Structure formats: structure tokens, C-alpha cells
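Everything quoted here is computed from the prediction, not taken from an experiment. Each chain gets a letter, A, B and so on, in the order its sequence line appears, and its residues count up from 1. Both backbone and side-chain heavy atoms feed into the values below; hydrogens, waters and symmetry mates do not.
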Amino acid sequence: MSASSSQVACIGQPLSWLVLERLALDELEGAAAAAAGEHLVACAACSAAMGTIRVETRVLPALPELPSLDAVAPVVLSGGRAKVSPQSKDAPRRWTRWAGVGVALAAAALLLLLLRSGPTETGGELSQRVRVKGAGIVVMTLVRERDGAVTFDPPDVRETDRWKVQLTCAPGGGASAEIVVLQSGQAAATALAARPFACGNDVVLPGAFRITGGAAIVCAKLTGQDERTPVMACAKLAATAP
Amino acid sequence: MASARDPREAYLRYGPALVRKAERLLRNPDDAIDLVHGLFVDLISRPEINVELPYLYRAVTNRCLNLIRDRRGRARLLEREQPALVPPSRLGDQARVIGLDLLAKLTEALDEDQLEVVVCRYVDEMTQDEIAEHLGVSRKTVGKRLARAHEVIAELVAAQGGAA
Ligand SMILES: [Zn+2]
């Protein structure tokens, strides 16, 4: 035990952080609250710990408005042209604001770009490793959170999963990244809006998203410096039963 | 005495306490906030789940341990670790510094039940009686799990040449 820790040691058994938090929230029952209060009066260490709880203010990000996975407005592509599917009229839209033909055409163009342009290093196959002007080789990693377990580049998707994206490229470079989700019979939907990022190891893009509707291709649409055409780093996810 | 009735209310009410707890384990504020946010994004789609603070405390412990157990999640946490964020232990002579590095090693040597007891004791600073009540096990079980953890910690510390 160091000298500094002896100065903050409790006079007996410390009030646990859980007890302190519940006391601060006025959630302790009578006898327990009274005992904790007495201890705080006598113990400088626990009193100081309680003080840190009381003075601290945290700003937490808002929760999504809807818990369901209807964020990706279904826009059906048919015969190379896009139209809004009937069910999308009623579907709440959380992350995306796809509407109208312009957006549908943009989605169709994106799919075409993906399917036709051979955007990856391996020449047309989906790849999570691409070359981007100004960033060099960029590797996309999908991060899935399922029931509290975090998995990197998992093979499958479930509607309750929470997703994040990491990008790795040599420090010093940078580009702009937008994360889109492509699904059979639907248009691409933006999961994370385009924004610039600086290269580094496992750079986590701000924000998290969910994927509805089963199997999907998740792509990072990477636009290099002074470039107009994005390069796509993509990963396929199979559907799993809920 | 009030308590939260649903996940959204619980997020507002308990979110800060849970972030503080996650921060003591993960040792950086961004990952702590992200972890708690992720927990509640899950909870709002499962309104049947208990949203009392003790339950949520356990849920945060388990999520943190999952993140630390994962090799890549751990590497990222170690890069971003800010030990100064962690308040000094109030356990006096019984204190054991359970930093990220040691915790990561413990995730490989202890089972989940033993790990949870370690977190309750040295990170949340609960008494053994409180741990027993919190986890719904006997005091004797808590003692056994802690004893096993102490053995492993001693081995790990010895292997590091006494520096824990
Ligand atoms: Zn005390």
C-alpha cells in the first residue's frame, strides 16, 4: 500500500460505490441510509468519494427515439430504377432521410458503383481493404455488440446488434468516410453520415447504428482528398435468427 | 425514495453513475460513455428487463469484462487508458490495484463468477457480505472466489517481478 492510498483509506469498511450512488439518488432504505450517513460524517475518505459523485455532471448522448430496427427506409430497386416501397411510407426513419426519386437514384448509382467499378484492391470482390488517395491503404473493421459481447468483423447480423466501424490507415493521411448499408431489394441507406477522419490505428467513427432486414453489405464510402468518386470498402453479413 | 420505471428513465437517472463505474474499469471516459449508451440502446428494445441500479451495475461489469476479454478491444483500451481517472482505493491495507493490464490477464485465468467478485471487491469496493447479497450467492462462495482470485493475482504479480 502506498503512502498516498493510506491518506484516503476508510476508517473501517468503505461504503461501496453502489451504496454511495444509491445514497446520492435517495434510493437507500431508512436504516441503511442512516448507517451510511453516520459513516460519512465520521469518514473523510468515504465523504470525499461521495463528494466526487455530488459535484460531477455528465452529459450522455441521447438514446435513439425508437428501439425498433426500422431505421433503414426500404426503397426497392427494380430493373435498374428505384422506387419507394409501399411499406416505407409508414416506416419511421431514424438515421436516414431517404425520400423521393433523387435519393433512390443516388442509391441505385451507389449500388452500380459498387457492383461495377471493381472498387477494391482485389478487383471487384468485396474487400475491406482499399486504397484511397491521401490515406493510402485503408482497412475497415466492423464492430458488433451483441448481448454485451463485442466481436470484430463478425460473419452475421441480427436485428438487435449494435454496430460501429473502425478504420485503420497510416497516420498522417486522411479522407472522408460515410457508412452505408446495402440490402437485397433495398436502396443503400446511410448509417453514419459522411465526415472526415484522420488516419490511425482502429480509428472509431463517431456514432453507432443497427441493421434491419437481415443479410446486408456494409460499406465505408471513402472519398480521398480532391477526389470525386468514392472508393468502397465493404463487408458482407449473413442473417441470423433472432 | 424513487427509482426508475423504464429504460429511458433509468438512463437519465442512473446513466451518470453507470458511466462512473464503467470508467473505473475501462479507464477512459469515451469508452465508458459508449458502453453505457450501448447497454441502454439494448434495454429500450427489451422493456421487460429490470432497470434497478444494482442490476444495471452488474450489466455494466459484464459488458466491461467482455470488452477487456476481447483481444482487440483490450488493445484499444490499453492505448487509451487514463489511470489518473480512477479514484484511489479506500480499502487501505486490503487494497489491490486492479488495472486494465492485470484485469486483462485475470480474464484469461479466472471464470466469469470469480472475475465479477474481483470487480465487486476491488473496483466497486463492496464488503463480502454486500457482494454476496448483490450477486445472490452465499458469503462462503464469495470467500472462495476471492481466495482463488488472490492466488492468481499473486502468481501474476510474482511473474511480473513484484510490480502490480
Ligand atoms: Zn469510509
Side-chain angles (χ1 to χ4, degrees), chain A residues 1-2 4-22 24-30 33 43 45-46 48-49 52-53 56-64 66-69 141 143 145-152 159-162 164 166 201-202 204 208 210, chain B residues 1-3 7-8 11-21 24 29-30 33-47 52-54 57 59 62-63 66-67 69-73 75-76 79 87-95 97 120 123-127 130-131 134:
Chain A
M1 191 177 70
S2 68
S4 63
S5 66
S6 67
Q7 290 160 13
V8 296
C10 175
I11 55 170
Q13 289 287 354
L15 297 174
S16 71
W17 285 102
L18 178 57
V19 165
L20 294 176
E21 296 283 6
R22 296 189 74 199
L25 288 162
D26 194 24
E27 286 196 6
L28 275 191
E29 300 289 351
C43 176
C46 291
T52 63
I53 291 173
E56 197 182 36
T57 52
R58 296 269 176 168
V59 180
L60 300 186
L63 291 173
L66 292 169
S68 61
L69 302 162
T141 302
V143 185
E145 200 177 298
R146 176 179 289 175
D147 301 326
V150 174
T151 309
F152 294 88
E159 296 209 334
T160 48
D161 295 338
R162 182 171 178 263
K164 292 180 81 77
Q166 293 180 355
N201 252 340
D202 292 333
V204 183
R210 287 176 183 252
Chain B
M1 192 178 101
S3 62
R8 285 178 190 279
Y11 184 61
L12 295 177
R13 185 168 175 79
Y14 303 132
L18 296 169
V19 169
R20 282 190 282 274
K21 173 182 165 56
R24 287 195 293 274
D30 294 341
I33 288 172
D34 190 53
L35 184 134
V36 172
H37 184 254
L39 168 65
F40 279 91
V41 169
D42 282 351
L43 286 176
I44 56 178
S45 54
R46 299 181 201 170
E52 298 289 320
L53 186 59
Y57 238 61
N62 291 328
R63 281 183 179 238
N66 284 339
L67 197 57
R69 191 178 286 117
D70 180 274
R71 205 167 275 274
R72 291 181 63 179
R76 204 165 67 83
E79 268 177 24
S89 172
R90 290 171 286 141
L91 291 171
D93 290 335
Q94 298 169 56
V97 180
C120 286
V123 180
D124 298 331
E125 303 190 324
M126 293 181 185
T127 62
E130 195 179 353
I131 297 170
H134 185 59

If you count heavy-atom pairs under 4.5 Å with chain B, which of [options] comes out on top?
| options | value |
| --- | --- |
| A:Asp147, A:Asn201, A:Thr151, A:Val59 | A:Asp147 |
| A:Val150, A:Leu60, A:Leu20 | A:Leu60 |
| A:Val204, A:Val143, A:Thr52 | A:Val204 |

Atom of [X], atom of [Y] and distance for their closest heavy-atom approach:
| X | Y | value |
| --- | --- | --- |
| A:Val8 | B:Pro88 | CG2-CB, 3.5 Å |
| B:Arg90 | A:Ala45 | CD-O, 3.6 Å |
| A:Phe152 | B:Asp70 | CE1-OD1, 2.7 Å |
| A:Glu145 | B:Leu39 | OE2-N, 4.4 Å |
| A:Ala9 | B:Gly92 | CB-CA, 3.6 Å |

Under 4.5 Å heavy-atom distance to chain A, tell me which part of [X] shows up: side chain, backbone, both or neither.
| X | answer |
| --- | --- |
| B:Tyr11 | both |
| B:Arg71 | neither |
| B:Asp42 | both |
| B:Pro87 | side chain |

Those residues at least two apart in sequence (or on a different chain) that pass side chain to side chain contact (heavy atoms under 4.5 Å, CB included) with A:Ile11 are A:His39, A:Ala42, A:Cys43

Under 3.5 Å, is there a donor-acceptor pair between the side chain of B:His37 and the main chain of A:Ala62?
yes

Apply side chain to side chain contact (heavy atoms under 4.5 Å, CB included) to residues A:Arg22 and B:Tyr57 and explain how you reach the verdict.
CA-CA 11 Å; A:Arg22 296 189 74 199; B:Tyr57 238 61; over 6 Å; no

Going by atom types only, do B:Glu125 and A:Ser16 share a side-chain donor-acceptor pair under 3.5 Å?
no

Salt bridge (Lys or Arg N to Asp or Glu O under 4.0 Å) partners for B:Asp34, two or more places apart:
A:Arg162, A:Lys164

Within the 4.5 Å heavy-atom criterion, are B:Lys21 and A:Leu18 side-chain neighbours or not?
no

May I ask you to check if B:Arg20 and A:Trp17 form a cation-pi contact, with NZ or CZ under 6.0 angstrom from the six-membered ring centre and within 45° of the axis?
no

Residues A:Glu21, B:Arg13; criterion salt bridge (Lys or Arg N to Asp or Glu O under 4.0 Å); working and verdict:
CA-CA 11 Å; A:Glu21 296 283 6; B:Arg13 185 168 175 79; over 6 Å; no

Show, in sequence, the C-alpha distance, side-chain angles and deciding distance for B:Arg72 and A:Thr141, and conclude whether the side chain to side chain contact (heavy atoms under 4.5 Å, CB included) test is met.
CA-CA 11 Å; B:Arg72 291 181 63 179; A:Thr141 302; 3.4 Å; yes

